[in-house]
Peer 1: 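Starting off with a structure, shown below.
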Amino acid sequence: MKNQEVADLLNKISALLELKGENRFKVIAYAEAARRIENLSTPIENLYREGKLNQIPGVGQSIAEKIKDFLETGKSAYLEELTREVPEELIELEKVPGVGPKVALLLFKELGIKNLGDLEKALSSNLLRNLPRLGPKSEENIKRGLETLKRRSARIPLGHALPLAEELVQFLKQFPFVKQVEACGSLRRMKETIGDLDILVASREEEKTMKAFTGWPEVQEVLAVGPTKSSVLTKSALQVDLRVVRPDSFGSALQYFTGSQAHNIKLREIAIKKGLKLNEYGVFRVEDDKKIAGETEEEVYSALDLPWIPPELREDQGEIERAKAGDLPALVELKDIKGDLHVHSDWSDGTSTIEEMVKQAKAMGYEYLAICDHAQSLGVAGGLTWEKFKEQGKIIQEISQREDFHVLWGLEANILAEGDLDFPEETLKKFQIVVAGVHSAFRQSKEKMTERIVKAIQKGVIHILSHPTGRLIEKRDPYEVDVESILKAAQKNRTSMEINSSPERLDLRDLDCRKAKEEYGIKMAINTDAHSRENLSLIKFGVAVARRGWLEKKDVLNTYSWDDLQGWLKKERD
DNA sequence: GCCGTTTTCGGCCCGACTGTTTTCAGTCG
């Protein structure tokens, strides 16, 4: 998938144009095109081949030419032309908080600074304070920026950020002058990774709030404190920004602070067309500056003649247009989930017994649970032989009766290197549910990997393809695979795609979920792949992915009642 | 450079904060 490479190229061009001091709307145009391509679920090579590059919003004649050049030659003549004027390395300098395009260029021109190493040296000799429009304070600020950059963590998985955010929200709630608290930003939109935490507080006592915040025991360093916003670094090197507004602006501030930036820009453009102005304090009539909304988010959207839009959709991916048309999806909710169709037990590599898993599922209000332990070919995970599985099946039946709960006897088969499964089809058909996925030989070529998975699906015995792309967020890239071909095969064989809820996986990802639903009508199964009873609760992260993928209740297999589920499992088999 | 149920030309989100200024530019989100 070249999409990321093309997006990187356009972002680079945008940054270089900015350094050059080009028209800022041209700069924005390249960055916007990059964002659009990053969020594309179709490989850009396909669009190029079909002559459809211009159909990507934000891509016009000129940018299409640049993309073409890159796809055909593997490099970009335009980028090379730009780098003859401005060294590409300067983009790295802008990563330092406090250094933007103007300062980066100044540092280069005046002091020959091209990279972080050069900058560090210049800082230690106090060379920056004598530059035009800089002084000792700017120098100090950049020095601190460099330190922060070194220590600040990269984007972290949502699953790690969420507990920390909840802890901070609880901490702030204990203060009487704090009227409302909410975590915003990408966390509220439930993006798979989080860059920093954005916390919004409604209070009439800003100063006290700031003091309370910077006194949070997790704070390692205070980066900035102002009357309405401040930033700190936590002990885990995560940046947290706090914003305080008056209670009558809480809704508009919530809207503003949740983003995404692209979503906000679209809303503000709509406001302008209506003779209104939208900012974090409210919606105002331009003619007399009268505030017409701001206390709640619903009110803000309503002032723009829009229904409230769920945070998970706020990515400027068509949600505003659909909202305008009154056609937003009714997103699936946690309470719709009636069971988990892929969990392990201590029969293979899980740590809880079948009984413990079942009791936990019952406590969560589920109607059913599928025990899907590994099979023999996965030795490292204690995979079971057919004999063992038969034994397990009897026990599952017993527990099911004893607990008066629907426990499905299943397995997670391994899709072997050549596309075969652990057991012959006739054996697999004896299980009530067959989940299957790739667990080895990740480094095959894209063609081989695609062929392998398609072949497995075509056997017609797989109900659910587990963690379909094999990625581990921020750790292991998805294996090279043509998702379109897999979705096509899944559609034909009526195989469900898993949304694996483990915060490390979240696989299938949001964009592909939407594609699977809209272009192929495929049902998804939101599973935890839990290896312990505690991890059954991770289902909320899978639900978040489904919501970000625009899925409704009817699109999700495990929202089915027990009867409907049984029907589906049988039908898929026939 | 892109885009158009007001436009093929003239727009393109909005505000906080800081430092170096003599009224604002730069950075950030």
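This is a predicted model, so every value here is computed, not measured. Chain letters run A, B, ... following the sequence lines, proteins first, then strands; residues in each count from 1.
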Peer 1: Among the nucleotides dG19(B), dG15(B), dG1(B), which one has an atom lying closest to any side-chain atom of Glu280(A)?
Peer 2: dG15(B)
Peer 1: Say we look at dG4(B) and dT8(B): how far apart would their C1' atoms be, to the nearest angstrom?
Peer 2: 8 Å
Peer 1: Hey, does the side chain of Asn279(A) come within less than 4.0 Å of dG15(B)'s phosphate (OP1/OP2), counting only N and O?
Peer 2: yes
Peer 1: Taking atom C1' in both dC9(B) and dC14(B), compute the distance separating them and give it to the nearest angstrom.
Peer 2: 25 Å
Peer 1: Looking only at side-chain atoms of Lys229(A), point me to the closest of dC17(B), dC13(B), dT27(B).
Peer 2: dC17(B)
Peer 1: Mind checking if Pro132(A) touches a base, just sugar-phosphate, or nothing, with heavy atoms under 4.0 Å?
Peer 2: nothing
Peer 1: Regarding Ser125(A) and Lys121(A), do their side chains bring together a donor and an acceptor under 3.5 Å, going by distance alone?
Peer 2: no
Peer 1: Does this structure show an ion pair linking Glu192(A) with Arg509(A), if we count only N-O contacts that are shorter than 4.0 Å?
Peer 2: no
Peer 1: Under 4.0 Å between a side-chain nitrogen and a carboxylate oxygen: does that hold for Glu504(A) and Lys475(A)?
Peer 2: yes
Peer 1: In whole angstrom, give the distance that lies between atom CZ of Arg144(A) and atom C1' of dG19(B).
Peer 2: 13 Å
Peer 1: Tell me the interatomic distance from Ile265(A), atom CD1, to dC28(B), atom C1', rounded to whole angstroms.
Peer 2: 14 Å
Peer 1: For Glu140(A), is there an ion pair with Lys137(A) - N to carboxylate O distance below 4.0 angstrom?
Peer 2: no
Peer 1: Which of the following nucleotides, dG19(B), dG29(B), dC12(B), is nearest to the side chain of Glu269(A)?
Peer 2: dC12(B)
Peer 1: Once you round it to whole Å, what is the distance between P of dC17(B) and CD of Glu140(A)?
Peer 2: 21 Å
Peer 1: So which nucleotide from dT27(B), dG19(B), dA16(B) ends up closest to the side chain of Pro101(A)?
Peer 2: dT27(B)
Peer 1: Select base, sugar-phosphate, or nothing to describe what Val27(A) touches, counting heavy atoms under 4.0 Å on all strands.
Peer 2: nothing
Peer 1: Looking at Thr228(A), I'd like to know whether one of its side-chain N or O atoms comes within less than 4.0 Å of OP1 or OP2 on dC17(B).
Peer 2: yes
Peer 1: Side-chain N or O of Tyr281(A) less than 4.0 angstrom from OP1 or OP2 on dA16(B)?
Peer 2: yes
Peer 1: Could you please name the option among dG1(B), dC13(B), dT27(B) that lies closest to any side-chain atom of Arg268(A)?
Peer 2: dC13(B)
Peer 1: Indicate, with a heavy-atom threshold strictly under 4.0 Å, whether Arg24(A) touches base, sugar-phosphate, or nothing.
Peer 2: nothing
Peer 1: When the C1' atoms of dG1(B) and dT5(B) are considered, how many whole Å apart are they?
Peer 2: 24 Å
Peer 1: Using the C1' atom as the point on both nucleotides, what is the distance between dC12(B) and dT7(B), in whole Å?
Peer 2: 13 Å
Peer 1: Rounded to whole Å, how long is the line connecting atom CG of Leu105(A) with atom C1' of dT27(B)?
Peer 2: 15 Å
Peer 1: With a 3.5 Å limit on both atom pairs, tell me what dT8(B) is paired to, counting Watson-Crick and G-U wobble, or say none.
Peer 2: none
Peer 1: Taking dG10(B) as the reference, what is the distance to dT6(B) when you measure between their C1' atoms (whole Å, please)?
Peer 2: 13 Å
Peer 1: Whole Å only: how far is the CZ atom of Phe25(A) from the P atom of dG10(B)?
Peer 2: 15 Å
Peer 1: What distance, rounded to whole Å, do you find between the two C1' atoms, one in dT23(B) and one in dT18(B)?
Peer 2: 15 Å
Peer 1: dT5(B), OP1 or OP2 - any side-chain N/O from Lys273(A) closer than 4.0 Å?
Peer 2: no
Peer 1: Mind checking Leu278(A) for me? I need base, sugar-phosphate or nothing, with any heavy atom below 4.0 Å counting as a touch.
Peer 2: sugar-phosphate
Peer 1: Go nucleotide by nucleotide along DNA chain B from the 5' end; which of Val96(A) and Lys277(A) gets its closest nucleotide reached first?
Peer 2: Lys277(A)
Peer 1: dT20(B) and dA25(B): how far apart are their P atoms, nearest whole angstrom?
Peer 2: 16 Å
Peer 1: Charged N to carboxylate O under 4.0 angstrom, Arg514(A) versus Glu315(A)?
Peer 2: no
Peer 1: Please give, in whole Å, the distance from dC14(B) P to Leu304(A) CG?
Peer 2: 12 Å
Peer 1: Take the protein atom CD of Gln261(A) and the nucleotide atom P of dC12(B), then report the distance between them rounded to whole Å.
Peer 2: 16 Å
Peer 1: Between Glu321(A) and Lys324(A) (salt bridge meaning N to carboxylate O under 4.0 Å), is one present in this structure?
Peer 2: no
Peer 1: How would you label the contact of Leu134(A) with the nucleic acid (heavy atoms, under 4.0 Å): base, sugar-phosphate, or nothing?
Peer 2: sugar-phosphate
Peer 1: Take Asp241(A) and Lys26(A), find for each the nucleotide of DNA chain B with the closest heavy atom, and name the residue whose nucleotide sits nearer the 5' end.
Peer 2: Lys26(A)
Peer 1: Given dG1(B), dA16(B), dT20(B), which nucleotide is nearest the side-chain atoms of Tyr30(A)?
Peer 2: dG1(B)
Peer 1: Less than 4.0 angstrom from a charged side-chain N to a carboxylate O is my criterion; do Glu206(A) and Arg246(A) meet it?
Peer 2: yes
Peer 1: dC17(B) and dT21(B): how far apart are their C1' atoms, nearest whole angstrom?
Peer 2: 15 Å
Peer 1: Taking the minimum atom-to-atom distance to the side chain of Ser62(A), which one of dC17(B), dC13(B), dC2(B) wins?
Peer 2: dC2(B)
Peer 1: Without decimals, in angstroms, what is the distance between Glu32(A) CD and dC13(B) P?
Peer 2: 10 Å
Peer 1: Among the nucleotides dC17(B), dG1(B), dT20(B), which one has an atom lying closest to any side-chain atom of Pro136(A)?
Peer 2: dT20(B)
Peer 1: Identify whether the distance between the nearest side-chain nitrogen and carboxylate oxygen of Glu45(A) and Lys446(A) falls below 4.0 Å.
Peer 2: no
